[in-house]
Amino acid sequence: MAKNDSGDRDKSPFIICFGEMLIDFVPTVSGASLAEAPAFKKAAGGAPANVAVGIARLGGSSAFIGKVGHDEFGHMLSNILKSNNVDNSGVRFDTGARTALAFVTLRADGEREFMFYRNPSADMLLKESELDLHLIKKGSIFHYGSISLIEEPCRSTHLAALKFAKKEGLILSYDPNLRLPLWPSADAAREGIKSIWEYADVIKVSEEEISFLTEGEDPYSDEVVYNKLFHANLKLLVVTEGQLGCRYYTKKFHGRVAGFRVKAVDTTGAGDSFVSGLLIHLASNLDLYKDEKKLKEALVFANACGAITVTERGAIPSLPTKEAVFDFIPKGNEQPHCLCLIS
């Protein structure tokens, strides 16, 4: 059993992921617009659900809390969680709204753009009364994004869940996962993402998100990160930098971990896979952020998770197993000196 930072009680290495789960339709060819794509591959997606499955694939223990439609896609998604050994007891089904859909356009370099169908979708309608608080109490880490903050009633449900998790002593992990087209405006997105910033113990952001949140300041500046994004209660902030790997920041030290050179086919889910690799280490050692050597080892592992994920299409279908990650990392190479494509 791992002990949390407050030392008040032991917690099991169980990670609760809260938010959206949906269907991604990924084109079978890169470099084509949605209108030009000849066909699409159906894939389960949604950042928090991706993280939950990623953790389970890596041999960890996870659960997903969220809402899907009482339709074929919704039940398919719930069954995918179960078949991947994710606790799906926190999944709720809405009879009046459909499961969310996202069509993903892949550029030639594997980067993507999204077109969402949610007017509203079931994930937006999760009510506080539908939360499984007993499930949250079992966890050591509570992970979430920002998409569930966009609309009520899910926004209030999200706030209630994270406040309950905080009170119960769970580590709060936040990946804003900016999807600007889903927000009413850029200002609304910035305000919404920042509205829960101070609660988080661990935050993962991309350099694009730093530029957005700081309104154009240098995303590669350590001073910008510490002065504009780091807060008094934060234990660890990680910045994923695409081809450069990632940077890490704690109250006592900061540094960089390089990644792995791969040919990117589809970057969907790469950041979620990275988060899974980091959180599975944190769940086993909640004081990981205090030991720079162990933290860097965890980030090498997380970089490898992200690199493997971009080599296939779709998020959940391309999430690696622990064995695949260990086979991928060069033996005895704690600090890879090559490039990783993570977003």
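These numbers were taken from a predicted model, which means no experiment stands behind them.
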Looking only at non-hydrogen atoms, find the nearest pair between [X] and [Y] and report the distance.
X    : Y    : value
D132 : L135 : OD1-N, 3.0 Å
A97  : D71  : O-OD2, 4.4 Å
G66  : L126 : CA-CD2, 4.2 Å
K204 : E209 : O-OE1, 4.3 Å
T267 : V310 : CA-CG1, 3.9 Å
N303 : G259 : ND2-CA, 3.9 Å

Is the side chain of [X] donor-acceptor paired with the backbone N or O of [Y] at a distance under 3.5 Å, no angle test?
X    : Y    : result
D24  : V26  : no
Y220 : E207 : no
S173 : H143 : no
N85  : A56  : no
T99  : F73  : no
T240 : C246 : no
S273 : G269 : no
T309 : A270 : no
N84  : V86  : no
K251 : A232 : yes

For L229 and Y249: C-alpha separation, side-chain torsions, deciding distance, then whether side chain to side chain contact (heavy atoms under 4.5 Å, CB included) applies. CA-CA 10 Å; L229 299 178; Y249 298 85; over 6 Å; no
Counting only heavy atoms from other residues, nucleotides and ligands, does the tally under 6.0 Å from [atom1] of [X] exceed 12?
X    : atom1 : result
R98  : CZ    : no
M76  : CE    : yes
Y199 : OH    : no
K42  : NZ    : no
H281 : NE2   : yes
K82  : NZ    : no
E323 : CD    : yes
K294 : NZ    : no

Could you tell me the separation between the [atom1] atom of [X] and the [atom2] atom of [Y], rounded to the nearest 0.5 Å?
X    : Y    : atom1 : atom2 : answer
I65  : S89  : CD1   : OG    : 7.5 Å
D272 : N50  : CG    : CG    : 4.5 Å
H158 : K163 : NE2   : NZ    : 11.0 Å
I16  : I141 : CD1   : CD1   : 10.0 Å
L213 : W197 : CG    : CH2   : 5.0 Å
I15  : L279 : CD1   : CG    : 5.0 Å

Any chance you could lay out the salt bridge (charged side-chain N to carboxylate O under 4.0 Å, His left out) test for K293 and E297, step after step, and finish with the verdict? CA-CA 6 Å; K293 182 177 183 294; E297 291 172 354; 2.8 Å; yes
Any idea how F18 and F142 line up, ring-wise: parallel (<30°), tilted (30 to 60°), or perpendicular (>60°)? tilted
Report yes or no: do [X] and [Y] belong to one cluster of Ile/Leu/Val/Met/Phe/Trp/Tyr joined by side chain heavy-atom distances under 4.5 Å?
X    : Y    : value
F326 : V257 : yes
V29  : V104 : no
I150 : L101 : no
L286 : L295 : yes
I203 : L170 : yes

Does the side chain to side chain contact (heavy atoms under 4.5 Å, CB included) test come out yes or no for L149 and W183, once each step is laid out? CA-CA 10 Å; L149 296 170; W183 293 86; 4.2 Å; yes
For a side chain to side chain contact (heavy atoms under 4.5 Å, CB included) check, start with the C-alpha distance between K166 and D201, then their side-chain angles and the critical distance, and finish with the verdict. CA-CA 10 Å; K166 191 79 169 180; D201 299 294; 3.2 Å; yes
Consider only side-chain N and O atoms of E208 and S206, and report whether a donor and an acceptor are under 3.5 Å apart. no
Could you please spell out the steps behind the side chain to side chain contact (heavy atoms under 4.5 Å, CB included) verdict for F328 and V262? CA-CA 11 Å; F328 180 83; V262 294; 3.8 Å; yes
When the ring centroid of F103 is compared with that of F114, is the distance short of 6.0 Å? no
With the side chain counted from C-beta on, respond yes when [X] and [Y] share a heavy-atom pair under 4.5 Å apart, and no when they do not.
X    : Y    : answer
D187 : R190 : yes
I171 : K235 : yes
P48  : E20  : yes
D287 : Y289 : yes

Going through the distances and angles, do R256 and E241 end up as a salt bridge (charged side-chain N to carboxylate O under 4.0 Å, His left out)? CA-CA 10 Å; R256 179 186 299 278; E241 290 189 334; 2.3 Å; yes
